[in-house]
Amino acid sequence: MPTRAADAAALFADLPKPRLSSFAQWRALSGRIVRTMATKGELIVAVVTPLVFTVGFYLPLRYVMKFQGVDYAQYVMPIIVLQTMAFTMMSNAQLAAFEALTGLSTRMQTMPIGMLVPLSARVAAGLVRSVTSLVAALLFGYVIGFRFVAGFGQAALFCVFALAVGTTLALGADALGSLTKSPESLSQALTLPTLIFGMLSCGFVPERSFPEWIRGFVRNQPVSQFSFALRDMAAGGVSWQVLWVPLVWVIGLALVFTPLAIWASARRS
């Protein structure tokens, strides 16, 4: 028996030692998720979702807002983009919950895979979905009359900020999905706050349209602050006085959600 073991060791002695590459692992896992999204039609849904939002939000209120002197295509586009990013957040949560529910996350923890690789792969795939939805939303917005008036730099800032918001929310949703392991209940749990913060914001109508007792919340909550910044980026250009508050919101949420997502993804269940 020892002779056979020595012969086997000598047989494989000249083979190169395997090199573990976290980047290669991340690329493989990200590619797997993106291919699954493409084959199952999730990228098509990512295109259709902003179309539904554009039609559902713009058509009912455009004439009402026109009487108030508001270019509603220009006004409503930021909230359409933000709602689109919110649905990307839900997709990330469901993916994380599905991997935890089926045992894939546990299986990967037993393999020589970098601790952050599964999480970063899901976030990267979510970013692909977010970019797809953002491009579609801007194209549909162009059809209804939305324009970037402030130039290329502000348009690029608009896109980067929207994707930063979407990625930050996706991190929080990923943590929630990894912890709950229930895709069905996650959809219900995330839909309600998304609708509440969306409807009680200045994204659809100006602050003056709300009762006076709730205007403070409407004006200062993060969705309203995000829409203020995005609206200015598309119009005359955002100033630091307007940008710093939503920037603090994004950074603050990222500081909370990122370590939570890492812990939820890497913990042993």
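Along the sequence shown, the residues carry numbers beginning at 1.
- Shown here for Ala254 and Pro259, the closest heavy-atom pair between the two residues is O-CD, 4.0 Å.
- By the 30° and 60° cut-offs, the orientation of the rings of Phe217 relative to Phe197 is tilted.
- Listed by first then second residue, pairs satisfying salt bridge (Lys or Arg N to Asp or Glu O under 4.0 Å) with a partner in residues 215-235 read Glu207-Arg219, not counting sequence neighbours.
- The number of heavy-atom neighbours closer than 6.0 Å to CG of Leu139, taken from other residues, nucleotides and ligands shown, is above 12.
- Note on Met89: it clusters hydrophobically with Met199, by side-chain heavy-atom contacts below 4.5 Å among ILVMFWY residues.
- Here the shortest heavy-atom pairing between Thr194 and Met90 reads OG1-CE, 3.5 Å.
- Taken together through direct or relayed side-chain contacts under 4.5 Å among Ile, Leu, Val, Met, Phe, Trp and Tyr, Val131 and Ile33 form parts of separate hydrophobic clusters.
- The ring of Phe146 has its center no closer than 6.0 angstrom to the ring center of Tyr142.
- Looking at heavy atoms from C-beta onward, Leu138 lies in side-chain contact with Cys159 at the 4.5 angstrom threshold.
- Linking ILVMFWY side-chain heavy atoms closer than 4.5 Å, directly or via other members, places Trp26 and Val128 in two distinct hydrophobic clusters.
- Pairing each heavy atom of Asn92 with each of Gly126, the nearest pair is OD1-CA, 3.3 Å.
- Checked by atom type and distance alone, the side chain of Asp174 never pairs as donor or acceptor with a backbone atom of Ala170 at under 3.5 Å.
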Quiz item: Which is it for Leu179 and Trp263 under the side-chain contact (heavy atoms from CB on, under 4.5 Å) test, yes or no, and what are the steps along the way?
Solution: CA-CA 10 Å; Leu179 293 173; Trp263 171 78; 3.6 Å; yes
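- Between Gln74 and Val149 there is a side-chain heavy-atom pair separated by less than 4.5 Å.
- Residues Ile113 and Gln25 share a closest heavy-atom pair of CA-OE1, 3.5 Å.
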Exercise. Could you walk me through whether Arg122 and Ser91 pass side-chain contact (heavy atoms from CB on, under 4.5 Å), step by step?
Key: CA-CA 10 Å; Arg122 291 193 297 268; Ser91 298; over 6 Å; no
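- For the atom pair OG (Ser30) and CG (Leu127), the distance works out to 10.0 Å, reported to the nearest 0.5 Å.
- Between Met37 and Val45, every side-chain heavy-atom pair lies at or beyond the 4.5 Å cut-off.
- Thr49 has its side chain out of reach of Ser133: every pair of non-hydrogen atoms, C-beta onward, lies at least 4.5 Å apart.
- Under the 4.5 Å side-chain criterion, counting only non-hydrogen atoms from C-beta, Gln83 is in contact with Phe57.
- In plain terms, the two heavy atoms of Thr39 and Thr36 that are nearest each other are OG1-O, 3.1 Å.
- Between the Gln221 side chain and the Val223 main chain, a donor and an acceptor come within less than 3.5 Å of each other.
- Atoms CG and CG, from Leu230 and Leu82 in turn, are 5.5 Å apart once rounded to the nearest 0.5 Å.
- For the residue pair Met85 and Gly166, the shortest heavy atom distance occurs at CB-CA, 3.9 Å.
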Practice problem: Decide yes or no on salt bridge (charged side-chain N to carboxylate O under 4.0 Å, His left out) for Arg32 and Glu99, but give the supporting numbers first. | Solution: CA-CA 13 Å; Arg32 178 187 67 85; Glu99 290 187 353; 3.2 Å; yes
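- Ser224 places a side-chain N or O within 3.5 Å of a backbone atom of Val218 that can act as its donor or acceptor partner.
- Side-chain contact between Val64 and Tyr72 is absent, with no heavy-atom pair separated by less than 4.5 Å.
- Criterion: ILVMFWY side-chain heavy atoms under 4.5 Å apart, direct or through other members. Under it, Phe210 and Phe226 are part of a common hydrophobic cluster.
- In terms of hydrophobic clustering, with Ile, Leu, Val, Met, Phe, Trp and Tyr side chains grouped at heavy-atom distances under 4.5 Å, Val55 and Leu61 are assigned to a common cluster.
- Separation of the Phe53 and Phe87 ring centroids falls under the 6.0 Å cut-off.
- Distance alone, capped at 3.5 Å, places no donor-acceptor pair between the Thr167 side chain and the Ala164 backbone.
- Atom CD1 of Ile196 sits about 12.0 Å away from atom OG of Ser201, to the nearest 0.5 Å.
- At distances below 3.5 Å, at least one donor-acceptor pair connects side-chain atoms of Gln154 with backbone N or O atoms of Val238.
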Exercise. Could you please spell out the steps behind the side-chain contact (heavy atoms from CB on, under 4.5 Å) verdict for Thr132 and Val47?
Key: CA-CA 7 Å; Thr132 303; Val47 173; 3.7 Å; yes
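- Separating the CZ atom in Phe204 from the OG atom in Ser227 is a distance of 9.5 Å, to the nearest 0.5 Å.
- For the atom pair Ser239 OG and Leu243 CG, the distance stands at 8.0 Å (nearest 0.5 Å).
- Side-chain contact check for Leu190 versus Leu176: some heavy-atom pair is nearer than 4.5 Å.
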Self-check item: Worked verdict on Thr54 versus Ile144 for side-chain contact (heavy atoms from CB on, under 4.5 Å)
Solution: CA-CA 8 Å; Thr54 302; Ile144 65 175; 3.8 Å; yes
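- The structure places CG of Leu247 at 6.5 Å from CZ of Phe161, a figure rounded to the nearest 0.5 Å.
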